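Hydrogens, waters and symmetry mates are skipped; everything else that's a heavy atom, side chains included, is used. What you see is a predicted model; the values in this text were computed from it and never measured. First the proteins, then the strands, lettered A, B, ... as listed; each starts at 1.
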2 protein chains.
Amino acid sequence: MYSALMSTSERLIEATRELLWERGYVGTSPRAVQQAAGAGQGSMYHHFAGKPDLALAAIRRTSEEMGAAAEAVLGGEGTAYARIEAYLLRERDVLRGCPVGRLTMDPEVIADPVLRAPVDEALGRLRARLAEVVREGLDSGELSASLDADEIAATVVSTVQGGYVLARATGSRAPFDSAVRGLLSLLTPRTAAG
Amino acid sequence: MYSALMSTSERLIEATRELLWERGYVGTSPRAVQQAAGAGQGSMYHHFAGKPDLALAAIRRTSEEMGAAAEAVLGGEGTAYARIEAYLLRERDVLRGCPVGRLTMDPEVIADPVLRAPVDEALGRLRARLAEVVREGLDSGELSASLDADEIAATVVSTVQGGYVLARATGSRAPFDSAVRGLLSLLTPRTAAG
DNA sequence: GTCTATAGAACGATAGAC
DNA sequence: GTCTATCGTTCTATAGAC
């Protein structure tokens, strides 16, 4: 149930975002969305053509938010390494996982090009933005010249996404934190062996 | 539909494994399992108490299989680095993702301690086994002494699990391969800067 | 814009004949 | 062990009154 100060269509989108995050597309029913939004059957189908249409609105917003949150950290001050570190260490509700990455495990999202598009774009942009920062680190000599920017960007995003998997499996954020620390230790410039 | 040479209960388990992999627990109905297994309603409820019971049998088997597949590579010949590399590069149906890791995104699996247990065990054992190999690499001087075995193990597993997420988002295995190559480039012993 | 009523199908499970 | 019949609920959506 959301604030009465929000329009019905807003409440429907926000309720859908929450449910998609927690239960995925397959596990989210229009009925559950309506109840969470405090809206009737008729309202939902007045504002949206159906479940896929409502889900699309919700996914688009979540994807945009993810991009903004990443940019807030990656576009900040500091060295390339510091910004990558800030991205990896930024506050997260680890056990809830990533609201965007989560959708990639949903067969009906992946099967529908329209629903998959915002997911693909959000993760693609994140990788591209991280690759830029890595390139800065390569140019400045902060990171080993033997590294490939696109590859490292993919590794960074994968570590985060996979960290969620490990955390949810154990029911604790510990493995997520371990994975991140492990990656940071690998990225740390070593001027000499050992 | 599975071979008539398999018992009904076997066919039910195998069909469930396939459907859990593709559609998850929430998205898999007893009805769909029965059709895929070529078994009737009555047969399924004769052999299994219900959907959770059948899913448990399927998840246990998948988790065991994952452990065996990992051990086949990690317990093989070669240096620590070579075995980690072999694990990361081993043949995978990348776009299908990990049949175990996938379940961590399922709210009903995570909410049920009995269903979550085999998932937790499989990924926990994998991390522990990888940590052993990393320790060998640290002892032999193959890997930088500044690294922590448990952390690196978590990073390795996370990269794989997260790589699936990126691959499924784009519809291509390319980002998975990038993430793995990136991790390998970070793990590669560098005796001097650059 | 929102409501209630209704629809046909699928959900997960049980009962009881064979 | 397997079958068909049935159950009450939920799914996603449409219709039509207000």
S.K.: Tell me which residues in residues 50-61 of chain A put a heavy atom below 4.0 Å from DNA chain D, sorted by number, or none.
M.R.: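 Within residues 50-61 of chain A, the residues near DNA chain D are A/Gly50, A/Lys51.
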S.K.: For the side chain of A/Arg23 and the backbone of B/Pro107, is there at least one donor-acceptor N/O pair under 3.5 Å apart?
M.R.: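 Side chain of A/Arg23 to backbone of B/Pro107: no pair is present.
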S.K.: Should A/Glu64 and A/Arg60 be marked as a salt bridge (charged side-chain N to carboxylate O under 4.0 Å, His left out) after you check the CA-CA gap, both sets of side-chain angles, and the distance that decides it?
M.R.: CA-CA 6 Å; A/Glu64 281 163 20; A/Arg60 279 189 174 144; over 6 Å; no
S.K.: Check whether any side-chain N or O of B/Thr155 sits under 3.5 Å from a backbone N or O of A/Ala179 as a donor-acceptor pair, and report yes or no.
M.R.: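 A pair under 3.5 Å: yes.
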S.K.: Is a salt bridge present between A/Glu18 and A/Arg96, judged by a nitrogen-to-oxygen distance below 4.0 Å?
M.R.: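 Yes, this pair counts.
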S.K.: Would A/Glu14 and A/Arg61 pass as an ion pair if we require N to O under 4.0 Å?
M.R.: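 Judged by the 4.0 Å cut-off on N to carboxylate O distance, A/Glu14 and A/Arg61 do form a salt bridge.
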S.K.: With a distance cut-off below 6.0 Å to the six-membered ring centre and an angular limit of 45° from the axis, does A/Arg31 pair with A/Tyr45 as a cation-pi contact?
M.R.: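 The answer is no; the distance or angle limit is not met.
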S.K.: Is there a donor-acceptor contact under 3.5 Å linking the side chains of B/Tyr81 and B/Thr188?
M.R.: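 Yes, B/Thr188 and B/Tyr81 have a side-chain donor paired with an acceptor closer than 3.5 Å.
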S.K.: As a quick check of understanding, evaluate side chain to side chain contact (heavy atoms under 4.5 Å, CB included) for B/Leu183 and B/Val160, giving each step before the final call.
M.R.: CA-CA 10 Å; B/Leu183 179 60; B/Val160 170; over 6 Å; no
S.K.: Could you tell me how far apart B/Leu12 (CG) and C/dA13 (P) are, to the nearest whole angstrom?
M.R.: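 It works out to 14 Å between those atoms.
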S.K.: Heavy atoms of chain A, cut-off under 4.0 Å: which first and last nucleotide of DNA chain D, 5' to 3', fall inside that, if you could look?
M.R.: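 In short, chain A contacts DNA chain D from D/dC11 to D/dT14.
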S.K.: Hey, are A/Glu132 and A/Arg129 close enough for a salt bridge, meaning a charged N less than 4.0 Å from a carboxylate O?
M.R.: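 Salt bridge present between A/Glu132 and A/Arg129.
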S.K.: Can a donor-acceptor pair be found, under 3.5 Å and without considering hydrogens, that links the side chain of B/Arg102 to the backbone of A/Met105?
M.R.: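 Indeed, once roles are kept as given, a pair shorter than 3.5 Å links the two residues.
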S.K.: Go through residues 36-46 of chain A and report each residue with a non-hydrogen atom lying under 4.0 Å from DNA chain D, sorted by number.
M.R.: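 Contacts with DNA chain D under 4.0 Å: A/Gln41, A/Tyr45.
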